Amino acid sequence: MLFIGFAEKHHIAGDAFIVGGAVRDMLLGKELKDVDIAVKGDATNIAKKFADEINASFVLLDKDFGVIRIVKNSQFIDISVMRGNSINADLSERDITINAMALPLSEVRRQITDEQTEISIIDPHNGKNDLFYEIIKMVSEENLIKDPLRILRIYRFAASLNFSIEEDTLIAAKKLAPLITSVAAERAAEELRYIIKLDKSYKTIQFLMDANILPYIFPEIGSELVVIGLKLYKSIDGVLSNLPAGNILKYFEADYRKICLKLSALFPDAKSAKNAAIRLKMSRKEIEFICDMALNRYKILTLYKETQGSLDEIKTVELLKEFHDDIYALTILSIAQEFSTAAFCQELLGFYEHVFKQRISLLPIITGNDLIITFKLKPSALFKKILNEIQDMVLKGKITSKEEALQIAEKCLKPNN
């Protein structure tokens with residue numbers, strides 16, 4: 001690690017510690033991608049010197065708590081000022097025991113030079129023991145009160161590591177649930193993203209509901225409707241966890257789609273979904289997607305019933321013109337609501353991928369410039385009408401060449417048209 005050499009060079013290695021998740025992941029045998037380092041003294045000045053020496057980017061993450069991120073080659077190190085007068089004092093301020101361990105940089109150097117040396121971990125809260133027994137345990141209730149976001153982090157780590165939550169920690173989380181309303185909306189939203197993007201996240205969402213935490217996060221969900229929303233969420237979660245290889249899997253590689261699709265299920269309508277997403281300061285892309293899914297969740301199911309399970313090409317084209325790739329998300333919604341639509345959805349996606357997309361590839365089959373050159377015209381409002389009509393005919397498979405398109409345009413330009 002580059003920071004070890006830097007710390008030794010500047011004689012600060014004795015007062016620098018790898019802390020938190022990096023120590024936890026090291027003990028779990030996971031590859032270290034991100035490292036948190038706690039230092040004594042002026043963390044900002046230390047981080048600036050380090051960034052300059054390795055020619056990396058310097059990002060101030062939290063001015064109040066003195067947290068700086070150093071980014072180089074898509075990897076980053078977070079450097080923070082040690083809270084309290086000692087590493088033990090710093091660790092006592094953390095959220096859960098498995099995140100309240102530290103490793104002196106000097107020990108890391110010893111481990112690198114002598115692989116037989118046992119790592120000496122500073123572990124005042126028995127985090128190593130809880131890690132072994134797969135338990136999530138708070139460091140203290142007071143720490144949850146200081147930062148109620150930690151209540152969500154308890155559930156996030158339980159979900160991501162598939163650990164159980166210790167009983168006293170569960171009791172404290174439930175008791176302190178109202179404090180979540182004091183957490184900055186964007187921080188709460190980020191923790192929710194971590195939870196929801198996990199496969200089989202329904203279990204955690206149900207735990208949040210059982211602990212009466214979910215209503216404080218989403219007051220927009222009426223108590224009488226939450227059971228319906230949770231049922232749909234569970235069904236969507238199950239379908240998404242078993243996606244086949246192919247375009248639909250690639251579509252959901254964008255995490256926001258998976259997150260927002262699940263989240264949309266919790267709300268009774270698009271208005272409440274939009275209000276919640278805006279309040280949580282989610283991105284415009286996320287807000288629009290959540291609203292679209294909540295508004296159109298019955299779109300394919302309705303089409304299925306109207307056509308009695310048979311693919312109507314005209315209605316299918318109209319649907320695909322409106323949603324394009326988002327048809328993948330709508331098919332998940334349809335199957336989640338009524339599994340009997342699965343074959344219909346498969347046929348629909350087959351038409352989209354093998355027929356509709358080929359038709360789209362022909363566009364634009366002609367342009368306004370073609371109309372000007374071919375028919376010696378000046379640009380006018382009529383152009384848009386003609387081009388839209390031709391585009392519609394291409395998507396419906398009625399024309400496939402430029403010559404056919406120009407023939408249609410010529411007919412449209414005749415006086416009796």
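Computed from a predicted model, the values in this text were never measured in an experiment. Hydrogens, waters and symmetry mates are skipped; everything else that's a heavy atom, side chains included, is used.
- For the ring pair (Phe, Tyr, Trp, His ring centres under 6.0 Å) test, no residue two or more places apart in sequence or in another chain qualifies with Phe207.
- To the nearest 0.5 Å, the span separating NZ on Lys49 from CD1 on Ile79 amounts to 12.5 Å.
- Atom-to-atom distance recorded for Glu31:CD and Asp25:CG is 10.5 Å, nearest 0.5 angstrom.
- In this structure, Lys402 pairs ionically with Asp370, as a charged nitrogen and a carboxylate oxygen lie closer than 4.0 Å.
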Kindly list each side-chain donor-acceptor pair under 3.5 angstrom involving residues 347-357, sequence neighbours excluded, with atom names and distances?
residue : atom : partner : partner atom : Å
Tyr352  : OH   : Asp325  : N            : 3.0
Tyr352  : OH   : Asp325  : OD1          : 2.5
Glu353  : OE2  : Asn247  : ND2          : 3.4
Glu353  : OE2  : Tyr328  : OH           : 2.7

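- Here the CE atom belonging to Met138 is positioned 12.0 Å from the CG atom belonging to Asp95, to the nearest 0.5 angstrom.
- Inter-residue side-chain proximity for Val59 and Phe76 is flagged as unmet; no heavy-atom pair is nearer than 4.5 Å.
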I would like to know whether Ile196 and Tyr233 meet side-chain contact (heavy atoms from CB on, under 4.5 Å); could you show each step before the answer?
-> CA-CA 10 Å; Ile196 296 171; Tyr233 185 107; 3.5 Å; yes

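- Shown here are the ring pair (Phe, Tyr, Trp, His ring centres under 6.0 Å) partners of Tyr155, two or more places apart in sequence or in another chain: there are none.
- Other residues, nucleotides and ligands contribute at most 12 non-hydrogen atoms within 6.0 Å of the CD atom of Gln308.
- For the residue pair Ser340/Glu338, the side-chain donor-acceptor check at 3.5 Å is satisfied.
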Pair Lys321-Glu318, salt bridge (charged side-chain N to carboxylate O under 4.0 Å, His left out): steps then yes or no | CA-CA 5 Å; Lys321 279 167 57 181; Glu318 291 302 315; 3.3 Å; yes

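- Salt-bridge check for Lys146 with Glu142: passed, with a basic side-chain N closer than 4.0 Å to an acidic carboxylate O.
- Figure legend: cation-pi geometry between Lys299 and Phe323 absent, as NZ or CZ is not positioned both under 6.0 Å from the six-membered ring centre and within 45° of its axis.
- For Lys200, the NZ atom sits in a loose shell: 12 or fewer heavy atoms of surrounding residues, nucleotides or ligands are nearer than 6.0 Å.
- Listed for the Gln337 side chain is a donor-acceptor partner under 3.5 Å among the backbone atoms of Leu333.
- The shortest distance between side-chain heavy atoms of Leu176 and Glu141 falls below 4.5 Å.
- Summarising the geometry of Lys281 relative to Ala185, their closest heavy-atom pair is CG-CB, 4.4 Å, with the distance given to 0.1 Å.
- Using a 4.5 Å heavy-atom cutoff, the side chains of Asn129 and Thr97 are not in contact.
- Between Asp210 and Lys203 no salt bridge is recorded (no basic side-chain N to carboxylate O distance below 4.0 Å).
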Salt bridge (charged side-chain N to carboxylate O under 4.0 Å, His left out) assessment of Lys385 paired with Glu389 = CA-CA 6 Å; Lys385 180 181 178 182; Glu389 184 172 338; over 6 Å; no

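- Asn73 places no side-chain N or O within donor-acceptor distance of the main-chain N or O of Gln75, the cut-off being under 3.5 Å.
- The side chain to side chain donor-acceptor pair (under 3.5 Å) pairs that include a residue from residues 261-273 are Ser201-Lys262, Asp237-Lys262, Asp269-Ser272, where partners are two or more places apart or lie in different chains.
- Judged purely by atom type and a 3.5 angstrom limit, Arg69 has no side-chain atom pairing as donor or acceptor with the backbone of Leu61.
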Stepwise salt bridge (charged side-chain N to carboxylate O under 4.0 Å, His left out) test for Arg24 and Asp130 = CA-CA 11 Å; Arg24 179 197 69 233; Asp130 292 335; over 6 Å; no

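- Phe3 has its ring centre less than 6.0 Å from the ring centre of Phe50.
- Here CD1 of Ile408 is found 7.0 Å from CD1 of Ile390. Values are rounded to the nearest 0.5 Å.
- Annotation: Phe375, atom CZ; neighbour count of heavy atoms from other residues, nucleotides and ligands within 6.0 Å is above 12.
- Taking both residues in full, the closest heavy atoms of Leu144 and Ala172 are given as CD1-CB, 4.2 Å, listed atom of the first, atom of the second, then distance.
- A donor-acceptor pair under 3.5 Å is absent between the side-chain atoms of Asp392 and the main chain of Asn388, judged by distance alone.
- The closest side-chain heavy-atom distance from Leu230 to Leu266 is below 4.5 Å.
- With respect to Arg193 and Glu286, a salt bridge is recorded, a charged nitrogen being found less than 4.0 Å from a carboxylate O.
- The salt bridge (Lys or Arg N to Asp or Glu O under 4.0 Å) search around Glu313 returns Arg359, not counting sequence neighbours.
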Would you check, one step at a time, whether the test side-chain contact (heavy atoms from CB on, under 4.5 Å) holds for Val23 with Ile122?
-> CA-CA 10 Å; Val23 180; Ile122 300 169; over 6 Å; no

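- Ion pair Lys250/Glu253 not flagged as a salt bridge, since none of the NZ, NE, NH1 or NH2 atoms sits closer than 4.0 Å to an Asp/Glu carboxylate oxygen.
- Across all non-hydrogen atoms, the minimal contact from Pro268 to Arg297 is O-NH1, 3.9 Å.
- Residues Asn143 and Arg94 bring no donor and acceptor atom of their side chains to less than 3.5 Å of each other.
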List the steps and the verdict of side-chain contact (heavy atoms from CB on, under 4.5 Å) for Lys258 and Asp199.
-> CA-CA 10 Å; Lys258 185 181 291 188; Asp199 287 340; 3.7 Å; yes

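- Remark: the backbone N or O of Thr331 is not paired with any side-chain donor or acceptor of Ser334 at under 3.5 angstrom.
- At most 12 non-hydrogen atoms from other residues, nucleotides or ligands lie less than 6.0 angstrom from OH of Tyr194.
- The two residues Leu330 and Asn296 have their closest heavy-atom pair at CD2-O, 3.5 Å.
- Nearest heavy atom pair, residue Ala173 against residue Ile213, reads O-CD1, 4.2 Å.
- Within a 6.0 Å sphere centred on CD of Gln346, other residues, nucleotides and ligands contribute 12 heavy atoms or fewer.
- Smallest separation of non-hydrogen atoms from Tyr251 and Ala329: OH-CB, 3.7 Å.
- Side-chain atoms of Ser235 come within 3.5 Å of backbone atoms of Ala336 as a donor-acceptor pair (strictly under, hydrogens ignored).
- Using modelled atom types, one side-chain atom of Lys72 and one backbone atom of Ile54 make a donor-acceptor pair closer than 3.5 Å.
- With hydrogens and angles left out, the side-chain atoms of Glu404 and Ser401 include a donor and acceptor closer than 3.5 Å.
- Side-chain atoms of Thr307 and Asp312 form no donor-acceptor pair, as typed in the model, at a separation below 3.5 Å.
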Under the side-chain contact (heavy atoms from CB on, under 4.5 Å) criterion, do Asp78 and Asp34 qualify, and how do the steps go?
-> CA-CA 8 Å; Asp78 286 351; Asp34 312 319; over 6 Å; no

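- Partners of Phe218 by ring pair (Phe, Tyr, Trp, His ring centres under 6.0 Å), not counting sequence neighbours, listed by chain and number: Phe267.
- Interatomic distance, CG of Leu103 versus CG of Asp123, reported as 11.5 Å (0.5 Å rounding).
- A distance of 8.0 Å separates CD1 in Ile195 from CZ in Arg156, rounded to the nearest 0.5 Å.
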